[in-house]
Visitor: 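Below you'll find the structure I mean.
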Amino acid sequence: MKPEEQQLAALRSELNYDKTNKCVQCGYCLPACPTYLTMGVETHSPRGRINLVKMAGEGKIKDLSVLEEPLDLCLGCRACETVCPTGVEYGAILESARAAITRRKTFTVPQKAMRNLLFKKVFPSRKAMNLIGNAMWVYEKSGVQKLARKSGLMKKLPAHLGEFEKITPPAVAPAQRASLPAFTPAKGERKYTVAMFVGCVMDAMFRRINQLSVQLLAEVGCDVIVVENQTCCGALHAHTGELDESKNLAKKNILAFARNDVDFIVNNAGGCGAMMVEYDHLLADEPEWAERAEQFVKKTKDISQVLVLCGGIQGEKRSAERVTYQRSCHMTNVQKVTEEPVSLLKNLSNVDLIEMNNANMCCGSAGIYNIVNYDASMEILDHKMKDVKETETTTIVTTNPGCLLQMKLGIEREKMGDRVRAVHLIEYLAERSGMINAADQSLS
Amino acid sequence: MTEGHIKEIRDIVKTGQVLTKESDRFSYSFDASFGTYLPDVVIQTKSVEELAALVKFANREKIPVYPRGQGTSLSGGPLPVKGGMVIDLSVMDDLLEVDEEDLVAIVSPGVLTADIHKAAEKKGLMYPPDPSSSHVSTIGGNLAENSGGPRGLKYGVTKDYVIGLELITPEGEIIRTGGKTVKNVTGYDLTKLVVGSEGTLGIITKAILRLIPKPPASETVMAIFDSLVDAGRAISMILTSGILPSKMELMDQASMTAVENYKPSGLPTDAEALILIELDGHPAAIRDEAEQVRHVCQKIGAREVRVPQTKEEKEEVWKARKLVSPAIVRVKPTKISEDATVPRSKIPEMCRRLQEIKEKYQIHLVVFGHVGDGNLHPNIIADKSDKEEMARVEKAVAEIFEAAVQLGGTLSGEHGIGVMKAPFMEMELGAAGLDMMKRIKQAWDPNNIMNPGKIFPEPGQKLVLSE
């Protein structure tokens, strides 16, 4: 082979080029893609993005930076995979292409330092995340704002920070912020032993939801273990092209959760769950990890699955309420968990679940997409809120922290905070079963 | 194109977008068929006046103009094979009016076909053409390509439902053809000429579509045959017994095997053919017809005949048919989807010829499709990186076309000619027939700016599938 052919062959394998050939360009993904609907150009559609990667792999596009904006503006919701008739692995193509672009990018020294700090020190460290604590770390000026400014990812950020601050979860009292207990016994007869995955964002910003998760799991008959040394799932890393670091985190989690006495590894964040159920793909080319990853994946469950397995939550007789459910894209399209949250909600007495139109459409949160691509995200959110409004419900239930914040932001934008609220499914189940009081949002 | 051209285009397009970035140009360089052709510029605007001005400008400067819907074409209709401008008409999606009194729908070209179905159904009406991509394809694309679909057997194709158009001619004039009446014999029927002209005669900016009352009920019959020839005989016998089904679909052994390997659906992989028949109309009438169909199939020697009762059972049966397309590409990545069509009576003979071609060239050929109207879909599954295989595929495709034409059929039932099939036009039309078409094109488009490179073969053009 000539040197340039060799180079192209190397690029092809780096880009997952072979996977792009599965795309027959039928266009069935177009109506499912939120950014195609809002931006209206093929460049921001799954078919368009796959084609760009293919063109780079074939040497027709010489400069990978041509791909950068279209790939950056992808939410990674993967709704296209669910509707794809030929089973194109869009997520894998997206991540490898983003990683290839990141590798070729020359970050300035401060950019490098910031990326290193965030991706290698902050997200993975429970200690660091604890320090940041109940502050809105990711939306804070000290964190992503600086990264965004210095990396030039986003120029408008400071103007919008105020909006994000409004939706910051209320500070949790120090007593309640205590670490989760290492062991919580099942109430009554033990059905399963589960290990709780606490996550980084969930642990820092939504520890109360983690606490309620443990309580609900115990309530339905699970011994709940919180293992030491668990870390961030690595999703934010993978989505921003830091693929090597996400592999490291995956390995740490696999080691931390490698316990024979655990039936399930339970998470309550659609995005984290989606990352973890793909650890086997992530580590497929590392033989010494492949089998362990498979074991880990087999045990990984969303909390709604385990609650349903244990017979569900009965709920007390409470006042009638109309709710709607905003699905987590990663739960629907990657974990393929779609029935359980719905059945949990439908089982609650006096709760009327009203499905919105385009229920499977992304809300535009997508990790930190709403911060780095604010305008694009808000346009998607506005579409979503139109569908939400039509349901005339008073509670929006979500299953992922990003979606939860985005729904709160949507409620703020539509100025309907006086009559509509957004909650995590776990909070809602806890509330309807009398575990917490809806009015003061505190543990009862 | 020059910088000056782009500047002039930007001056014309005041309300829309002019895209020139490399990422945008590559994103409009393909459709669902073969090949990548880079346009110089991509234009989106909802304004008919701006579009007309653009076409006038292009005509003056002799710049190729390529109208495009959502790029689901299987024949290369929107491919900008000579560069120039791609006009993305999918943005013109604002107009969708259903007029119950006149039984028509008035639509702009970017409206999705499925949205027309929905709007008509809301008023108890139906727009029958139903290409399988109708949830993605635009009506503009359907009109340009004269799309069909499974219901073609009973209800015909797109052209049978178009009674009026608004069109920008290749010289930039805005004209109207036909109107809102079913009967109209004033002058030449330009409506029918434009529908199916694959964007070579102008840009459709509005259409008036005929609607019919929606049939109140449907029944499905599924029959399994040990022999493909028997299945063909059963189809002929049903159609001569006074019954006109709304759909008749065939799956051969290879397609059933592919589905079973992909998502097991309980299909009989040891049988040679499965046919699916849908009847629609008054519930009492179609119940009776379903019994007649069952009787005919049994008489011919069907191994099994099933009439699913519930809505769920019916959906289950049709699901397997829908799985064929995705299932076959799991075998190999490249799908060459042909739609050679033969008179109904020649279906068994065409099936036999396809079998011969498959063996002669050692290709992976799957046959399924809308068998009731003779519109078979011989699909060749290959790997485009295998040059030697693709050379065999090219020869096989040419022979499929020859077989269809020899049997009194046509190169294309519903996908269109586009780029790939252009070299075979003369074989079907004859030199004089093709020349008459060329003269029409020259009269409409003297500077050959509308979708150049399509339908008519270039001197010496041959079928090329290997890139």
Side-chain angles (χ1 to χ4, degrees), chain A residues 9 12 17-33 35-74 80-81 83-88 97 101 357, chain B residues 16-17 19 21-36 38 42 44 46 68-74 78 86 88 90-91 93 110 112 114-115 132-133 135-138 141 262-263 322-330 332-337 379 381 383-385 467:
Chain A
R12 283 183 183 198
Y17 170 80
D18 284 349
K19 290 190 196 291
T20 67
N21 275 328
K22 258 203 160 173
C23 175
V24 295
Q25 303 185 326
C26 65
Y28 283 23
C29 51
L30 300 180
C33 176
T35 56
Y36 180 69
L37 289 189
T38 54
M39 300 183 204
V41 285
E42 185 85 36
T43 323
H44 299 296
S45 75
R47 179 174 69 170
R49 293 177 179 120
I50 293 166
N51 180 63
L52 287 172
V53 176
K54 190 188 280 189
M55 292 296 105
E58 290 173 8
K60 290 178 186 156
I61 291 178
K62 304 258 185 282
D63 181 359
L64 274 192
S65 69
V66 171
L67 280 58
E68 193 172 341
E69 189 197 46
L71 296 183
D72 274 350
L73 283 171
C74 171
C80 48
E81 283 187 24
V83 297
C84 179
T86 64
V88 176
I101 293 168
N357 286 331
Chain B
Q17 288 196 77
L19 310 170
K21 276 198 283 199
E22 197 177 344
S23 58
D24 290 324
R25 287 160 57 221
F26 268 105
S27 298
Y28 289 84
S29 68
F30 61 86
D31 65 2
S33 70
F34 265 81
T36 340
L38 206 57
V42 180
Q44 292 183 323
K46 289 173 188 256
R68 185 185 196 269
Q70 289 212 103
T72 56
S73 174
L74 292 168
V86 164
D88 178 8
S90 69
V91 298
D93 59 352
L112 299 188
D115 288 341
S132 58
S133 58
H135 63 295
V136 192
S137 66
T138 64
Y262 170 41
K263 279 187 187 158
K322 287 208 176 98
L323 286 173
V324 176
S325 279
I328 54 178
V329 287
R330 309 265 157 164
K332 277 183 187 177
T334 311
K335 182 171 89 161
I336 298 104
S337 179
N379 273 249
I381 308 303
D383 183 348
K384 72 169 180 185
S385 60
E467 280 176 28

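So that the names make sense, note that chain A is the first sequence line, chain B the second, and so on, each numbered from 1. Everything numeric here is computed off the predicted structure, so don't read it as measured data. Computation of the quantities below employed the complete heavy-atom set of this structure, encompassing side-chain atoms and omitting hydrogens, waters and symmetry-equivalent molecules.
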Visitor: Under a 4.5 Å cutoff for heavy-atom pairs, which residue among A:Cys84, A:Cys23, A:Cys26 has the most contacts with chain B?
Guide: A:Cys26
Visitor: Against chain A, label B:Ser90 side chain, backbone, both or neither, depending on which of its atoms sit under 4.5 Å from a heavy atom there.
Guide: side chain
Visitor: How far apart are the closest heavy atoms of B:Asp88 and A:Gly40, and which atoms are they?
Guide: OD2-O, 4.2 Å
Visitor: Side chain, backbone, both or neither: which part of B:Leu19 has an atom under 4.5 Å from a heavy atom of chain A?
Guide: side chain
Visitor: Could you tell me whether the side chain of A:Thr35 and the main chain of A:His44 form a donor-acceptor pair under 3.5 Å?
Guide: yes
Visitor: In terms of heavy-atom proximity below 4.5 Å to chain B, should A:Leu67 be classed as side chain, backbone, both, or neither?
Guide: neither
Visitor: Considering only heavy atoms, which portion of B:Lys322 lies under 4.5 Å from any heavy atom of chain A: side chain, backbone, both, or neither?
Guide: neither
Visitor: Side chain, backbone, both or neither: which part of B:Ser29 has a non-hydrogen atom closer than 4.5 Å to chain A?
Guide: side chain
Visitor: If you round to the nearest 0.5 Å, how far is OH of A:Tyr28 from NE2 of B:His135?
Guide: 5.5 Å
Visitor: Please look at B:Asp31 and chain A and tell me whether the side chain, the backbone, both or neither of the residue comes under 4.5 angstrom of a heavy atom of that chain.
Guide: backbone
Visitor: Where on A:Asn21 is there a heavy atom nearer than 4.5 Å to chain B: the side chain, the backbone, both, or neither?
Guide: both
Visitor: Is there a donor-acceptor pair closer than 3.5 Å between any side-chain N or O of B:Arg25 and the backbone N or O of B:Leu38?
Guide: no
Visitor: Enumerate the residue pairs fulfilling salt bridge (charged side-chain N to carboxylate O under 4.0 Å, His left out) with a member in residues 38-47 of chain A, sequence neighbours excluded, ordered by first and then second residue.
Guide: A:Glu42-A:Arg47, A:Glu42-B:Arg68
Visitor: Holding to ring pair (Phe, Tyr, Trp, His ring centres under 6.0 Å), I want the full list of residues that pass it with B:Tyr262, two or more places apart in sequence or in another chain.
Guide: none
